[in-house]
S.K.: 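Shown below is the structure under consideration.
So you know, we letter chains A, B, ... as the sequences are listed, proteins then strands, and number each from 1. Side-chain atoms are counted along with the backbone in the values below, which use heavy atoms only and exclude waters and symmetry mates.
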Protein chains: 2
Amino acid sequence: MASGPVASPRKEADSPRNFFAEKSRACGYCELRSKGFCSRLSENQKALLAEVSRLVTLESHKTLFRQGEEADNVYVVRNGMLRLYQRMLDGRRQVIGFAKAGDLLLFPFSERNDYSADALDSVYLCQFRRQDFLGLLQREPELLSALAVITHDELTRARYQIALLSQRKAEPKMAQFLLALFESCARPDSNPMAIPVRVPQADIADYLGMTVETVNRTMARLVRDAIISVAKHGLDLLDVKRLREIAESY
Amino acid sequence: MASGPVASPRKEADSPRNFFAEKSRACGYCELRSKGFCSRLSENQKALLAEVSRLVTLESHKTLFRQGEEADNVYVVRNGMLRLYQRMLDGRRQVIGFAKAGDLLLFPFSERNDYSADALDSVYLCQFRRQDFLGLLQREPELLSALAVITHDELTRARYQIALLSQRKAEPKMAQFLLALFESCARPDSNPMAIPVRVPQADIADYLGMTVETVNRTMARLVRDAIISVAKHGLDLLDVKRLREIAESY
DNA sequence: CGTTTATTTGAGACAACTCAAGTTGCGTGG
DNA sequence: CCACGCAACTTGAGTTGTCTCAAATAAACG
């Protein structure tokens with residue numbers, strides 16, 4: 001449920017002392033992210049945020065929060081991946097994105113959650129009481145402009161998704177989606193590129209506006225042609241060049 | 001071109017005296033808009049903005065600015081309608097929205113224009129030098145939070161478009177699009193609802209990710225069934241209930 | 001009044017959808 | 001350790017709706 005994901009002893013951090021120690025390490029990690037919210041902040045601002053943050057973990061398949069609920073908290077993802085989705089009026093589920101380390105979840109000024117979020121694997125987050133976060137925004141205009149900028153970044157990504165969905169053909173759609181996901185998961189150290197979690201085909205289908213069957217057949221073709229490979233832990237990119245060609249094939 | 005749309009004598013406002021008089025009337029008008037940027041501002045903030053604003057008009061079919069150009073200005077639409085679009089890597093044109101009175105065009109922190117904008121009819125705008133706008137944002141945190149909020153509103157609209165594009169069938173897509181456009185054009189005084197400008201079918205096609213032919217056939221059916229009617233000046237909504245039914249028909 | 005641009009209509013191909021039936025993988029409990 | 005059950009994935013065959021291509025008409029503009 002939304003209000004109380006319990007901190008699990010993934011990295012023994014339950015005593016106040018360890019708790020804070022964990023926190024600063026967390027910020028260090030988040031800094032590595034290129035698009036992360038925290039990466040835009042000064043040390044001083046990060047210290048202010050750390051003061052009001054709580055660490056929470058969420059097991060795979062659990063729901064962090066639901067669309068429409070009162071927004072008590074906002075989150076920054078530290079580790080793992082979540083699917084973000086909305087339920088449409090006609091009952092369809094629209095996956096609007098996949099959140100990774102460094103991403104801010106929920107907009108602090110919104111009084112209700114705009115979307116739902118489920119963990120795709122074991123997830124580790126920084127939680128902020130929305131009111132605390134708002135207070136900080138009021139005191140720190142720098143934080144406020146960082147918020148405006150990352151919201152605009154999200155808008156840019158949403159427009160990218162719009163362009164994706166306008167594609168008629170399944171293959172370039174899939175290729176563009178995979179490329180973006182691979183790139184957003186890319187770490188300087190890991191080569192070749194890999195997506196470290198197993199993303200259900202149903203989620204991809206609801207992201208791309210296709211059926212599971214079409215997603216499956218399209219991915220099967222990519223695997224057969226040795227462009228990607230699937231494993232228990234996630235996806236590996238075998239042939240970037242060919243995937244790019246397919247992405248641009250229109 | 002982007003840099004200098006010339007003020008035309010639609011409402012003789014070229015002398016400094018008339019120029020300012022026009023301006024305050026403009027703000028009064030914008031306040032009526034529910035989603036308008038200016039409607040979120042205090043009188044004091046509007047006065048500050050008015051100090052650095054210039055009135056510009058743009059003839060039908062002219063381009064206000066182009067994607068990728070250096071962003072010298074931002075705009076608030078006062079009157080008329082524009083189409084906003086991006087050119088994708090594969091050459092496709094993606095229409096990302098239709099701007100109306102009260103809408104802010106371009107994100108002040110972006111150094112290059114994210115999209116292009118063309119007038120669909122005669123358009124009247126408030127122009128701000130981006131640097132002036134940024135200076136004001138720095139001095140007025142309230143303005144900054146207004147910017148964050150309207151950027152988030154745009155994100156919400158983008159997600160609505162995402163849900164639209166995921167639809168497989170042309171009819172509900174069209175119906176949902178038209179409903180949203182009718183509603184965003186709605187004025188308390190005008191009943192029944194009407195879209196006061198002629199939106200080219202090619203633009204609708206590039207918004208919904210369909211071909212002109214399909215757009216045409218789908219609209220023709222709506223007209224034949226007396227749900228909407230087309231005129232030189234725009235579109236009229238004849239049967240809201242039926243249009244809603246079609247929109248939800250999946 | 002001719003030229004350009006936008007809209008309309010038709011016929012056929014094709015790719016994704018639907019429905020229906022397997023298969024695989026994985027956690028649970030006997 | 002195996003049997004079971006559930007959920008995710010896979011495969012097949014037929015349907016359908018949009019796209020494609022091509023051409024005619026209508027409207028807009030100078």
S.K.: For the helix from dC1(C)-dG30(D) to dA21(C)-dT10(D), what angle separates the axis at the start from the axis at the finish, each from five pairs, in steps of 10°?
M.R.: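 Between the first-five-pair axis and the last-five-pair axis there is 50°.
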S.K.: Is the backbone N or O of C185(A) less than 3.5 Å from a side-chain atom of K100(A), with the two atoms forming a donor-acceptor pair by type?
M.R.: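 Not a single qualifying donor-acceptor pair exists.
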S.K.: Does Y85(B) have any ring pair (Phe, Tyr, Trp, His ring centres under 6.0 Å) partners at least two apart in sequence or in another chain, and if so, which?
M.R.: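 For Y85(B), no residue satisfies ring pair (Phe, Tyr, Trp, His ring centres under 6.0 Å) once neighbours in sequence are set aside.
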S.K.: Going 5' to 3' along DNA chain C, between which two nucleotides do contacts with chain A fall, using a heavy-atom cut-off of 4.0 Å?
M.R.: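 Span of nucleotides near chain A: dA15(C) to dC26(C).
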S.K.: With E248(A), which residues qualify under salt bridge (charged side-chain N to carboxylate O under 4.0 Å, His left out), at least two apart?
M.R.: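 Here no residue qualifies.
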S.K.: Would you list the atom pairs, donor with acceptor, under 3.5 Å between side chains in residues 222-239 of chain A and any protein atom, with sequence neighbours excluded?
M.R.:
unit_1: D239(A); atom_1: OD1; unit_2: K241(A); atom_2: N; d: 3.4
unit_1: D239(A); atom_1: OD1; unit_2: R242(A); atom_2: N; d: 3.2

S.K.: Return the set of residues passing ring pair (Phe, Tyr, Trp, His ring centres under 6.0 Å) with F182(B) (not counting sequence neighbours), or none when no residue passes.
M.R.: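 F182(B) satisfies ring pair (Phe, Tyr, Trp, His ring centres under 6.0 Å) with no residue once adjacent residues are dropped.
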S.K.: Can E183(B) and R157(B) be counted as an ion pair, charged N to O under 4.0 angstrom?
M.R.: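 Salt bridge flag = no for R157(B) with E183(B).
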S.K.: Considering only heavy atoms, which members of residues 82-98 of chain A lie under 4.0 Å from some atom of DNA chain D?
M.R.: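 Here the set is empty: none.
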S.K.: Quick check against the 3.5 Å criterion: does S116(B) have a side-chain atom that pairs as donor or acceptor with the backbone of Q67(B)?
M.R.: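 The answer is yes, because a donor-acceptor pair under 3.5 Å joins these two groups.
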S.K.: Check step by step if salt bridge (Lys or Arg N to Asp or Glu O under 4.0 Å) holds for E154(B) and R159(A).
M.R.: CA-CA 11 Å; E154(B) 261 189 90; R159(A) 284 176 180 152; 2.9 Å; yes
S.K.: What pairs meet the salt bridge (Lys or Arg N to Asp or Glu O under 4.0 Å) rule with one or both residues in residues 207-222 of chain B, with sequence neighbours excluded?
M.R.: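 Only E171(B)-R221(B) qualify under salt bridge (Lys or Arg N to Asp or Glu O under 4.0 Å).
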S.K.: Where along residues 168-178 of chain B does a heavy atom come under 4.0 Å from DNA chain D, residue by residue in number order?
M.R.: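 Those residues are K169(B), A170(B).
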S.K.: Indicate every side-chain donor-acceptor pair of residues 192-205 of chain A with a distance under 3.5 Å to a residue at least two apart or in another chain.
M.R.:
unit_1: Q201(A); atom_1: OE1; unit_2: N216(A); atom_2: ND2; d: 3.0
unit_1: D203(A); atom_1: OD1; unit_2: R83(A); atom_2: NH1; d: 3.2
unit_1: D203(A); atom_1: OD1; unit_2: R93(A); atom_2: NH1; d: 3.2
unit_1: D203(A); atom_1: OD1; unit_2: R93(A); atom_2: NH2; d: 2.6
unit_1: D203(A); atom_1: OD2; unit_2: R83(A); atom_2: NH1; d: 2.6

S.K.: Between T218(A) and T214(A) (side chain of the first, backbone of the second, donor and acceptor by atom type, cut-off under 3.5 Å), is there such a pair?
M.R.: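 Yes, T218(A) side chain to T214(A) backbone: donor-acceptor pair under 3.5 Å.
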S.K.: Does either side chain, that of S60(B) or that of D121(B), offer a donor lying less than 3.5 Å from an acceptor on the other one?
M.R.: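 Absent: no donor and acceptor within the cut-off.
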S.K.: Does R168(A) have any salt bridge (charged side-chain N to carboxylate O under 4.0 Å, His left out) partners at least two apart in sequence or in another chain, and if so, which?
M.R.: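 None.
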S.K.: For DNA chain D, which residues of residues 205-227 of chain B approach it to below 4.0 angstrom with any heavy atom?
M.R.: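 Output list: G209(B), M210(B), T211(B), E213(B), T214(B), R217(B).
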S.K.: What's the NE2-P distance between H61(A) and dC6(D), to the nearest Å?
M.R.: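 One finds 17 Å between P of dC6(D) and NE2 of H61(A), rounded.
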S.K.: Taking the ring centre of each residue, are Y75(B) and F128(B) less than 6.0 Å apart?
M.R.: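 Between Y75(B) and F128(B), the centre distance exceeds or equals 6.0 Å.
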S.K.: Identify, between Q201(A) and R198(B), the residue whose nearest nucleotide on DNA chain D lies closer to the 5' end.
M.R.: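 Closest to the 5' end, via its nearest nucleotide, is Q201(A).
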S.K.: Check for a donor-acceptor pair, side chain of Q94(B) on one end and backbone N or O of D206(B) on the other, with a separation under 3.5 Å.
M.R.: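 Checking the backbone N and O of D206(B) against the side chain of Q94(B), a donor-acceptor pair under 3.5 Å is found.
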